[in-house]
Every structure is written in C-alpha cells, then in structure tokens.
Protein chains: 2
Amino acid sequence: MKSNLKILVVEDDPIIADDICACLIENEYPSVNCAFNYDEAIAQLSQNQFDFVFLDINLNSKHSGINLAIHINENYLIPFCYITSYADVNTIQEVKKTFPVGYIVKPFNQKEIPIVIEIGLENFYKPQLKQTISIQKINKITTSEISQREYDVILKMLDGKNNTEISNELFVSINTIKSHLKNIFVKLNVRSRSEAISVINNI
Amino acid sequence: MKSNLKILVVEDDPIIADDICACLIENEYPSVNCAFNYDEAIAQLSQNQFDFVFLDINLNSKHSGINLAIHINENYLIPFCYITSYADVNTIQEVKKTFPVGYIVKPFNQKEIPIVIEIGLENFYKPQLKQTISIQKINKITTSEISQREYDVILKMLDGKNNTEISNELFVSINTIKSHLKNIFVKLNVRSRSEAISVINNI
DNA sequence: AATTACTTCACCCCTTTGGGTGATTTTGCT
DNA sequence: AGCAAAATCACCCAAAGGGGTGAAGTAATT
C-alpha cells in the first residue's frame, strides 16, 4: 500500500541519504526529497508541503539539524525525527527541547523507519485531552485566592450552565450563585461570565 | 547522575525483563519494578506512582500489552513505550492508536532506552498550543453550516467580548450581532452564549 | 470570647442577553 | 433578470445577568 506522504530527508552524507531514501521507498513511501545541507532544506521547506522530516544533527555547516528543527517548529506544523550517530546525554538533553517525534541512532535498523513515521504522525496529531482546570492554575491569574466553593461555581460556569442550573446542581439559592460570581469576577478582574470563561480557558 | 523516575517494566520473559532492568540501572534509572503478566502489572500500577512504563506486547496471557496500554490511558496519566519483537504493519497500525511515546524493536539497542525515556517524557508533557478553532471543526457539531460572518462573530464571542464590543469591532449594528447569534445558537443547538462557548471549547 | 473569612441568602435596580417578528440590501448563481 | 441565501438592521418584550447593600450562620484561629 503506497503512502502519499511527502517526506524530506536532510542528511549531508550522500551515501547515508541514499540509504534512508531507499529504505523509505522500499517501505512504500515513494514521495521523498533530499536536502544535503541547512540552506537547501530551508529552501525545500518553503517550496513544498512536507508531511514528515528526517533530520541529521551534524550537517557540517554553520547551522545544525537542531537549528533546522527550531526553524520547523517556528514556521511549520511538521513532525520530524532525528537520525544521527549522537547518543550522548548532552545531545539528548538539547534535542528533546525541540520535541522530535522520534530519535534514531545510526547505524539504524530499517524496521524502525516506518514505525517512527506511523507512530510519530499519530502522536503529533493526537487529539488533545481536555482536562479539568485546577484551582492552582486559576489562582495564578487571580488577584486573591479562589475559595473551594468559588471553584465549584467556576467549573459549572465553564460547563456553560446558567445561574439557575448552577444553583440547582449545587443545592443553594440563585442569590448565592450570584454572590459567588460577583466575587469571582472581582478576583479575575472581568466584567462578565463570558470574559471569565475566556480568561480561564486561555490559561 | 541518578534519576528518581519510577519505572515499571512489563515483560513475561524473565531473561529479557532482567536485560531491560539491568540496562535501566546501568543508565542511572535505579527505581525499577518488574511485572511478569497483565494482572501483576495492574496491581503494581494501582499501588505505585510510576513515571514511565515499558510494555511488551505479547504477555502470553488473555490480555496483551495493548490491553494494558489502554488501561493505562483510561486510568492513569503515564507515558509508556512498547518493547517488542513485532514490527509488522498490522501491529503498528493497532498500537499507534494507543499513543505510545516510543516503540523499540527487539533485539533492542541499549542506547535507545535512555533516549526514548527522555524524549518520550518531554513530548508527553509538552505544553499544548492553543490554536484558533477552525470553521471546519465547528461545522462538525452544527446542524447546518456556519457562514463566514457567523464564524467571525463566534471568534469574538470566544474571546469573551460582549455584543456591543463585537458590533464595534466588526463595524455593524448590535442588532446584526444579535441576529447572527440567534442563528448560531440554533445551529449549535444551545440556549446561551456561555453554553455555546463551552460546546465549542470542548470540540 | 472575639475576630475573620467563607457561605448563604435576600432584595433593589439597571443592563445585557436572547427569542420573536419583520424588513431591506447585498451577493452569488443560474 | 430572477431567485435564494447571507448580511444587515429595527423593534418588542421577557429572561438573565451583574453591581450594590445588607444580614445571618458556620468554621477556623487567636
């Protein structure tokens, strides 16, 4: 089954580049471009829509594969994987900050290539779980601390509930809810529930 | 430099389990537990707080490592990596749906272990970018399509703007905004802007 | 016991929101 | 030109929201 993914391979050593490209084609990824240095890679990225990039770290030039990763992260939404000889702790600590979807150590095992593409793409486009916002996170943007009860009200409000619904669900009077909301808005420095919701969702 | 990460290794073959554990300890991950089958892994997970899990796929029991991965995803917030002999397309297609942070093919290269832990953890806890919601995503939950102008109004509403602010920013009358919102609420099947915001934020 | 903060509740009054009805203008397509 | 959909606008009225004032009860702390 041929894939229609467009893949860029950035590798300064032509023999290794050929190896990688051959391996990709053999694994039914026929649409492969090669770039042999940083500038060529930048140019190709600006002219094509790639779905996945393989990066060597040492490009024998002023700019490394890590610089290229940073460029990709700042300008494109493309998953990438390093293929490199480096396995030392310092390099790992540096490259992990660029969030590669994979890291293959040379000499590479051919089986790894399709695996890292499939799993890397899936992870890169993983739907992001919505998590209940914690009271600690909210307190980072408030002028004074939110109380536990105020937090209860906030969660209901974030759920899109109106004041009557919230009062029913928390077994209190609607006046209590209004009272809490007044305090919440002061602490969040907002004027309406919509604005409160927006501010909290953007933490 | 010793790491204080707690790691669980789930592997039915004791010799391979020993290999993995030895490799972890050698790479300064001293806090390692082993589980030799699914039930033992479940028990350990419920009694300990692990930071990372290595999973074999074939556990020689009714439940596979994939079942365990699903259990972890549903009940815990822990990154995991498969270590397995399987490299076939079908297995990859199946396991990628569980979002492993890595996938190591046996026989494994010892260098890979610390790499996948470091990069896997970093990726797992990567701060999530807030993106402007697309009109296509919204249209997945509407009863009929949102128009371009309606979409403009939605974005402002999501920003916490009130009707007067929106009318000023879009250079139209407040009645136009109310009119658009009426239509938007019908399409989203909601009764208030708070509910609309909540529904859209939870796509 | 006194004090403080939180929780709960009431009420006043004004503003904003939202459902409804209706109309006109603009735009894109046939 | 004719038509449909979208965009724009007005107005009515009820419901909901939100700022303000004040009070009582509860829990924790000194």
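Within every chain, numbering begins at 1; the chains are lettered A, B, ... in the order of the sequence lines, protein sequences first and strands thereafter.
Between the B:N139 side chain and the B:I146 main chain, a donor and an acceptor come within less than 3.5 Å of each other.
In this structure A:F185 satisfies the ring-ring contact (aromatic ring centres under 6.0 Å, His included) test with no other residue, sequence neighbours excluded. Remark: A:N4 pairs with no residue by the side chain to side chain donor-acceptor pair (under 3.5 Å) rule, at least two apart or across chains. Remark: A:K106 engages A:E11, A:D56 in a salt bridge (Lys or Arg N to Asp or Glu O under 4.0 Å) (not counting sequence neighbours). Residues passing the side chain to side chain donor-acceptor pair (under 3.5 Å) test with A:N60, sequence neighbours excluded: A:D12. With sequence neighbours excluded, the residues forming a salt bridge (Lys or Arg N to Asp or Glu O under 4.0 Å) with A:E169 are A:K156, A:K161, listed by chain and number. The salt bridge (Lys or Arg N to Asp or Glu O under 4.0 Å) search around A:R149 returns A:D152, not counting sequence neighbours. In terms of the ring-ring contact (aromatic ring centres under 6.0 Å, His included) criterion, residue partners of A:Y82 (sequence neighbours excluded) are, by chain and number, A:F80, A:Y103. Listed by chain and number, the residues in a salt bridge (Lys or Arg N to Asp or Glu O under 4.0 Å) with A:E122 are B:K96 (sequence neighbours excluded).
Here chain B contacts DNA chain C (any atom closer than 4.0 Å to a heavy atom, that is under 4.0 Å), and the contacts span C:dT17 to C:dT21 from 5' to 3'.
In the helix from C:dA1-D:dT30 to C:dT30-D:dA1, the terminal helix axes, each the rotation mapping four pairs' C1' atoms onto the next four within five end pairs, subtend 50°, rounded to 10°.
Pairs engaging residues 47-67 of chain B under the ring-ring contact (aromatic ring centres under 6.0 Å, His included) rule: B:Y38-B:H63, B:F52-B:F54 [sequence neighbours left out].
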Check your understanding: Can you give one letter per nucleotide of nucleotides 7-18 of chain D, going 5' to 3': B for a protein heavy atom under 4.0 Å from the base, S for sugar-phosphate only, - for none?
Key -> SBBBB-----BB

